[in-house]
Amino acid sequence: MSSAFSVDVVIVGAGLGGLAAAIAIARAGHRVTIVERAPELGEVGAGIQVPPNSSRILDRWGILPKLRINSMQPEYLAIRSYRDGSILSLQNLTPLMEEVYGSPYLHVHRATFHTALCDEATRLGVKFRLGLAVIGVDFERPAVKVQGHEDIAADFILGADGLKSACREALLGRPDPPHASGDMAYRIIVSTDTMKKHKELVDFATIPSFNHWAGPGGHAVGYLIDHGDLFNMVIVVDDELPDDVYSTKGDLNKMHERFKDWNPKFRHLLRMVKEASLWKLQNSIEMESWRHPNGSFALLGDACHATLPYLAQGAAQAVEDGAVLGALFEKAENKAEIYDALGIYEELRKPRTTRVSRESTAYRAITHMDDGEKQRERDRQMTNYKPFEGY
Ligand code: FAD
């Protein structure tokens, strides 16, 4: 249902977070323009996990059927020992997630997710202004300042420009580069046709599942996407990249050397890898506030709560941000109520995203544990862990 009055909203950034907010706010009857630095819309070529807290919102927006077309629904989560590949913990995901949370856990290609959001935003009349880099915010007007271009004014401005956010720096009034977490990740996609030729890897290539290997000094996850044609992997290890390198081509020889003590099946899987990209994993230091005191500006997504990806919740939290903003914009009957709404948005969202960020960081200590008694105790506890009845 649309609100009776409408305002102009500029959202900086057409990532998953900016698009989610655009859809939610346009659904509430407001006029939305997205200002995006990239000359074309798109996402990184990799997979993404869409947990039920996100898929439920996408369902409400009518986007879930599109995502389901070529996504995979994992049957279970298997946490494996790095040493011998044995399963430490097996948890049901399908149908349990739908039974418990009313919505599925999905594995999707990022491009599919991004395109589905772009299509819906376009259908709702959201305008895209591409190839424009925002370099600051005039909070009083309010307007975004754009490199080599005139300012773009609106009633409200939302900064969804990701980890290295010009909007966050404008709000803080100082440089605020992302924080190096000490980890880096290999992002890998392997064709399952290749994997299926190796008897030992057929189960990974054919059974929709969420595989997690816990090792000392790192962990790996792997799952099928794109009708099962591709196996997506994220492998996290200690960061060895120079301070100023955020992503680069991964050196496969170094990667094999790094995992030489891991179990033979995992190493066999790594031998299927033709290329890998390498990303410094960064997160943000908790901000005091996400919004400007004059009430017409707020941040969302990675721009204000970038988290380590270990609970697969970064984009899911950005989608939740969008949904909450949309619900509040819908209820407002005048501009003053939207000023208040941004305060309510922050009160509702900040404690939750802070908890998710802290728990993602804490999960690192569990899944990267060094060999020894503590790790053996972890494995014993995982083996005995019975999260849900009936599996
Ligand atoms: P971004 O995706 O960074 O989008 C920001 C947008 O703003 C971009 O389009 C950018 O071009 C634009 N922009 C930037 N600066 C400017 C500017 N100055 N002017 C104009 N435009 C600008 N999350 C999950 O939910 N599930 C997962 O399984 C998962 N796995 C992950 C695995 C890895 C290895 C990593 C690194 C992250 C993972 N995440 C996952 C986290 C997720 O990718 C992010 O949280 C999410 O993409 C953030 O979306 P965003 O829109 O806030 O920011």
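Atoms within a ligand are numbered from 1 in the order they appear, just like the ligands themselves.
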Open item on the list: Out of all atoms in ligand 1, which are within 4.0 Å of some heavy atom of Leu16? Include the element for each.
Closed with: 51 (O)
Open item on the list: One thing to verify: whether Arg358 and Glu286 come together as a salt bridge, which I'm taking to mean a side-chain N less than 4.0 angstrom from a carboxylate O.
Closed with: yes
Open item on the list: Would you say the ring centers of Tyr310 and His219 fall short of 6.0 Å from each other?
Closed with: yes
Open item on the list: Geometry only, no angles: is Ala315 polar-contacting ligand 1 at N/O separations under 3.5 Å?
Closed with: yes
Open item on the list: Please report the interatomic distance CZ(Arg355) to CD(Gln317), rounded to the nearest 0.5 Å.
Closed with: 9.0 Å
Open item on the list: Heavy-atom pairs closer than 4.0 Å: do any link ligand 1 to the side chain of Gln317, the backbone, both, or neither?
Closed with: neither
TODO: Examine Lys164 against ligand 1 and note whether any of their N/O atoms are separated by less than 3.5 Å.
DONE: no
Open item on the list: Does any N or O of ligand 1 fall below 3.5 Å from an N or O anywhere on Ala185, backbone included?
Closed with: no
- [ ] Just need the protein heavy atom nearest to atom 9 (O) of ligand 1, so name the residue and atom and give the distance.
- [x] Glu36 OE1, 2.7 Å
- [ ] Could you check which of Ser247, Gly15, Gly301, Gly162 puts a non-hydrogen atom nearest to atom 53 (O) of ligand 1?
- [x] Gly162
Open item on the list: For the 3.5 Å polar cut-off, considering only N or O atoms, please tell me whether Gly17 and ligand 1 meet it.
Closed with: yes
Open item on the list: For Leu241, is there any backbone N or O sitting under 3.5 Å from a side-chain donor or acceptor partner on Lys280?
Closed with: yes
Open item on the list: What I want to check is whether the side chains of Tyr339 and Asn334 have a donor and an acceptor closer together than 3.5 Å.
Closed with: no
- [ ] Using distance alone, determine whether Ala316 and ligand 1 share an N or O pair under 3.5 Å.
- [x] yes
Open item on the list: Between His268 and Leu201, is there a side-chain heavy-atom distance shorter than 4.5 Å?
Closed with: yes
- [ ] Using a 4.0 Å heavy-atom cut-off, say whether Ala160 meets ligand 1 through its side chain, its backbone, both or neither.
- [x] backbone
- [ ] Would you mind listing which atoms of ligand 1 come within a distance below 4.0 Å of any non-hydrogen atom of Ala133?
- [x] 19 (N)
Task: Whether Asp161 side chain and Cys167 backbone form a donor-acceptor pair below 3.5 Å - done: yes
- [ ] With heavy atoms under 4.0 Å as the rule, classify the contact between Leu132 and ligand 1 as side chain, backbone, both or neither.
- [x] backbone
- [ ] Tell me, with the steps shown, if Phe259 and Phe266 meet ring pair (Phe, Tyr, Trp, His ring centres under 6.0 Å).
- [x] CA-CA 9 Å; Phe259 292 99; Phe266 182 78; 5.6 Å; yes
TODO: Run the contact test for Thr307 against ligand 1 with a 4.0 Å cut-off on heavy atoms, strictly below, and give the result.
DONE: no
Open item on the list: Are Phe5 and His30 an aromatic pair, judged by ring center distance below 6.0 Å?
Closed with: yes
Open item on the list: Under 3.5 Å between any N/O of Arg37 and any N/O of ligand 1: does that happen in this structure?
Closed with: yes
Open item on the list: Considering both backbone and side-chain atoms of Asp302, is one of its nitrogen or oxygen atoms within less than 3.5 Å of a nitrogen or oxygen in ligand 1?
Closed with: yes
Open item on the list: Does only the side chain of Glu169 get under 4.0 Å from ligand 1, or the backbone, or both, or neither? Count heavy atoms.
Closed with: neither
- [ ] For Val134, take its heavy atoms, then give the atoms of ligand 1 lying under 4.0 Å from any of them.
- [x] 17 (C), 18 (N), 19 (N), 20 (C)
Open item on the list: Using ring centroids (six-membered ring only for Trp), state whether Tyr345 and Trp290 fall under 6.0 Å.
Closed with: yes
